[in-house]
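For the numbers below, each heavy atom of this structure counts, side chains included, while hydrogens, waters and symmetry mates do not. Lettering of chains follows the sequences in order, A, B, ..., and the numbering in each one begins at 1. Predicted model only: the values in this text are computed from it and were never measured.
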Amino acid sequence: MKRNMNNLEIAELLRAMAASYEIRASANSRFRVIAYENAADAVEHLSSELKDLWDEGMLEDVSGIGPSIAKNLGEIFKTGKSRHFEHILSKIPKSVFELLDLTGVGPKRAYRLAIELNLPDKNPIKKLKRLALNGKIATLPGFGEESERDILKSIKEFEQKKETRMLISRAEEAVLPIINWLKKDRNVIEAVPLGSLRRRASTIGDLDLAVSTKNPEKVIKHFLNFPHKGRVLDQGDKYVSMLVPGNIQVDLRVHEPKSFGSLLQHFTGSKHHNIALREYALKKGLSLSEYGIKELNNKRGKVKPVGSEKEFYRCLGLQWIPPELREGDDEIEAARKKNLPELVELKDVKADLQIHSDFDIETSHDLGVSSMKEIVKKANELKYEYIAFTEHNPSQRGHSQKQIVEILKKKREKINILNSQLPDGTIKKVFNSLEIDILPDGKLPIDETGLSILDFALISIHSSFRLEKNKMTQRVLRALDYPNVKIFAHPTGRLIGKRESIELDWEKIFSFCKEKNIWIEINADPHRLDLPDYLVREAIAKGILLTLGTDAHSSLGMDNMRYGVDVARRGWAKKSDIINARNLKEFETLLKIQEAVR
DNA sequence: GCCGTTTTCGGCCCGACTGTTTTCAGTCG
């Protein structure tokens with residue numbers, strides 16, 4: 001333990017506590033285990049660091065953290081350790097917690113393996129593998145040859161660590177041929193992706209699919225003939241789990257139409273949403289499962305199958321909850337009060353506010369590959385009313401401010417001509433913008449003369465990503481204060497799976513943006529999806545307006561807008577929260593209002 | 001150990017599979 005534990009480390013600690021209590025399993029520890037696991041989940045899903053909440057005395061405001069856990073976490077933040085936690089953990093060999101990383105090995109089996117095989121604290125899995133290969137596990141009571149094989153398989157998987165989640169764009173590519181294959185079978189009435197893909201999460205683990213059919217057996221058989229099929233991991237009457245190219249796991253579930261609604265609900269998840277929903281249902285005397293709804297006080301009560309998902313939620317007295325909101329936050333409460341937001345949709349989007357053309361702006365970053373004309377053509381296909389060209393700023397090295405202004409003037413002229421010769425279509429105006437680097441000290445590499453040539457400027461970070469939180473915040477605030485700066489683009493700088501978010505004091509950034517009427521971008525590039533969904537929700541709560549931009553470097557990239565809309569929806573965004581869901585006239589009015597404020 | 005539209009006490013999600021069992025515990029999603 002240490003004083004500055006981050007949320008992931010704390011969650012891991014709480015899970016270790018849960019495991020310890022489970023191993024010691026006394027009569028009343030069962031629910032204590034659940035409590036610690038709930039607390040771990042809560043911490044993992046938190047949008048701000050727990051340490052910061054503790055600083056503000058708000059630990060117990062986190063649902064799942066009560067007086068006891070709060071007290072002990074507080075002790076850790078203050079002194080670097082919790083005597084109670086250490087006391088409990090000290091009774092369990094450290095090796096046990098490492099073994100929990102193996103699938104199929106939970107607390108009980110991990111403990112027995114560690115004790116009976118006398119596994120070392122260091123590299124216990126390595127020793128376990130050696131013993132398993134020598135047949136030592138099969139001889140343990142309660143274990144057998146099958147268990148030994150399973151454990152070896154888990155160790156192999158652990159060693160390969162294929163624990164990487166896919167980008168949502170990748171998951172969509174992978175799922176399409178499977179859905180197409182399923183639909184070739186006449187028995188398939190409906191075939192749809194569920195799980196995190198249906199909830200439109202930013203990254204996807206496994207692919208979950210559901211089929212509605214009157215003939216489950218035949219559909220299963222058909223699926224097993226999938227031309228790109230890999231190893232079949234698991235199989236039952238109503239489900240198959242198999243690998244497809246790219247080592248992607250596909251779980252298919254098959255139900256009859258009469259219970260398809262409950263299946264959709266169940267396997268769309270999330271786990272947290274389902275748990276919360278079932279707890280809510282219990283209070284109404286109802287028990288929920290993938291097969292339907294059961295009345296508890298009715299002794300002869302059977303499961304009533306539910307055919308449609310809308311009906312499933314209606315039976316519970318709830319509004320239908322869009323999958324994007326099903327994360328176990330407060331969506332059930334909102335649905336009960338008929339208070340769910342009307343989420344923004346792709347068809348509401350009337351503009352793309354970050355596009356890079358091939359106009360040679362002499363930047364040190366990437367140029368786009370499509371011409372302005374090609375991009376306007378694409379924008380018309382997408383039925384947009386306006387777009388903004390946001391090439392990177394000309395490189396500072398090798399250009400004087402005077403030269404930079406000259407380049408910007410050239411682009412201004414080109415856009416003026418473009419605006420006077422717009423082809424027939426929905427596009428009415430093209431804006432002259434620029435994506436400008438925020439330098440490490442918060443200055444911008446474009447002077448005020450240069451900035452004044454633009455209709456408005458986007459600013460974003462492309463260097464020095466690891467500044468400490470206060471410095472980073474000051475840096476961004478300084479840049480946001482330049483004249484004509486309107487949009488803070490891909491604000492966390494994250495690249496999913498590759499680069500962590502920068503550290504920012506969001507409270508301060510949001511208040512500044514609110515005060516100065518600066519907008520924050522939701523970057524729709526599937527590698528970025530930035531602002532992330534949970535911060536979108538916080539921003540909206542603070543009254544911040546958001547823009548959508550694809551960051552397209554070719555006209556094809558403009559198709560990524562839907563991923564940005566996904567993020568907006570997961571952040572509970574309504575149409576009115578999104579700047580470019582407004583028509584041109586409203587947009588221009590907002591631009592002017594903004595100038596007046598600053 | 002946590003929590004509250006019935007509760008500050010008395011509850012705590014649901015079903016499936018697996019292997020090692022002679023009726024079920026452990027694990028997973």
Would you mind classifying the nucleic acid contact of [X] as base, sugar-phosphate or nothing, using non-hydrogen atoms under 4.0 angstrom?
X	result
A:Phe267	nothing
A:Val62	sugar-phosphate
A:Glu145	sugar-phosphate
A:His272	nothing
A:Gly64	sugar-phosphate
A:Ile34	nothing
A:Asp234	sugar-phosphate
A:Leu277	nothing

Looking only at the side chain of [X] (C-beta and beyond, no hydrogens), which of the listed nucleotides [options] gets closest?
X	options	result
A:Ile69	B:dG1, B:dC14, B:dT5	B:dG1
A:Glu333	B:dT5, B:dC12, B:dC2	B:dT5
A:Tyr291	B:dG1, B:dT20, B:dG15	B:dG15
A:Glu146	B:dG15, B:dT6, B:dG19	B:dG19
A:Ile275	B:dA16, B:dT20, B:dC13	B:dC13
A:Arg253	B:dG1, B:dG29, B:dG15	B:dG29
A:Leu282	B:dG15, B:dC14, B:dC2	B:dC14
A:Glu279	B:dC3, B:dG1, B:dC13	B:dC13

Just the rounded figure in Å: distance from [atom2] of [N] to [atom1] of [X].
X	N	atom1	atom2	result
A:Glu290	B:dG29	CD	C1'	10 Å
A:Arg326	B:dC13	CZ	P	20 Å
A:Tyr21	B:dG26	OH	P	19 Å
A:Ile137	B:dT20	CD1	P	12 Å
A:Lys337	B:dT5	NZ	C1'	10 Å
A:Lys71	B:dC2	NZ	P	11 Å
A:Leu140	B:dA25	CG	P	20 Å
A:Arg336	B:dT5	CZ	C1'	6 Å

Q.
Reading DNA chain B from 5' onward, which residue's closest nucleotide shows up sooner: A:Asp237 or A:Lys271?
A.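 Of the two residues, A:Lys271 wins.
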Q. Relative to the 5' end of DNA chain B, which residue comes earlier, A:Glu148 or A:Leu286, by the nucleotide with the nearest heavy atom?
A. A:Leu286
Rounded distance in Å between the [atom1] positions of [N] and [M]:
N	M	atom1	answer
B:dT6	B:dG11	C1'	12 Å
B:dG10	B:dC17	P	37 Å
B:dT27	B:dT20	C1'	14 Å
B:dT5	B:dG1	C1'	23 Å
B:dT21	B:dG26	P	13 Å
B:dC13	B:dC2	C1'	16 Å
B:dT18	B:dT23	C1'	15 Å

Q.
Looking at B:dG26, which nucleotide sits across from it as a Watson-Crick or G-U wobble partner, both distances under 3.5 angstrom, or is there none?
A.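 In the structure as shown, B:dG26 has B:dC17 as its Watson-Crick or wobble partner.
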[N], OP1 or OP2 - any side-chain N/O from [X] closer than 4.0 Å?
X	N	value
A:Tyr280	B:dC3	no
A:Ser287	B:dC14	yes
A:Arg32	B:dG1	yes
A:Ser289	B:dC14	no
A:His84	B:dG1	yes

Q: Find the distance between OG (A:Ser212) and CD1 (A:Ile189) and round it off to the nearest 0.5 Å.
A: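 So the gap between those two atoms works out to 4.0 Å.
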(Q) Measuring from atom CZ of A:Arg109 to atom CG of A:Asp150, what distance do you get when rounded to the nearest 0.5 angstrom? (A) 7.5 Å
Q: Return the orientation label for the A:His45 and A:His272 ring planes: parallel under 30°, perpendicular over 60°, tilted otherwise.
A: perpendicular
Q) Aromatic rings A:Trp506 and A:Phe510: how do their planes relate, parallel, tilted or perpendicular, breaks at 30° and 60°? A) tilted
Any sub-3.5 Å donor-acceptor pair from [X]'s side-chain atoms to [Y]'s backbone N or O?
X	Y	answer
A:Asn7	A:Leu50	yes
A:Tyr280	A:Leu316	yes
A:Glu75	A:Arg83	yes
A:Ser270	A:His273	yes
A:Ser95	A:Asp121	no

Q) Can a donor-acceptor pair be found between the side chains of A:Gln319 and A:Asn339 at a distance below 3.5 Å? A) no
Q: Determine whether the side chains of A:His266 and A:Arg278 contain a donor N or O and an acceptor N or O closer than 3.5 Å.
A: yes
Q. Where along residues 89-114 of chain A does a heavy atom fall under 4.0 Å from DNA chain B?
A. A:Leu102, A:Thr103, A:Gly104, A:Val105, A:Gly106, A:Pro107, A:Lys108, A:Arg109
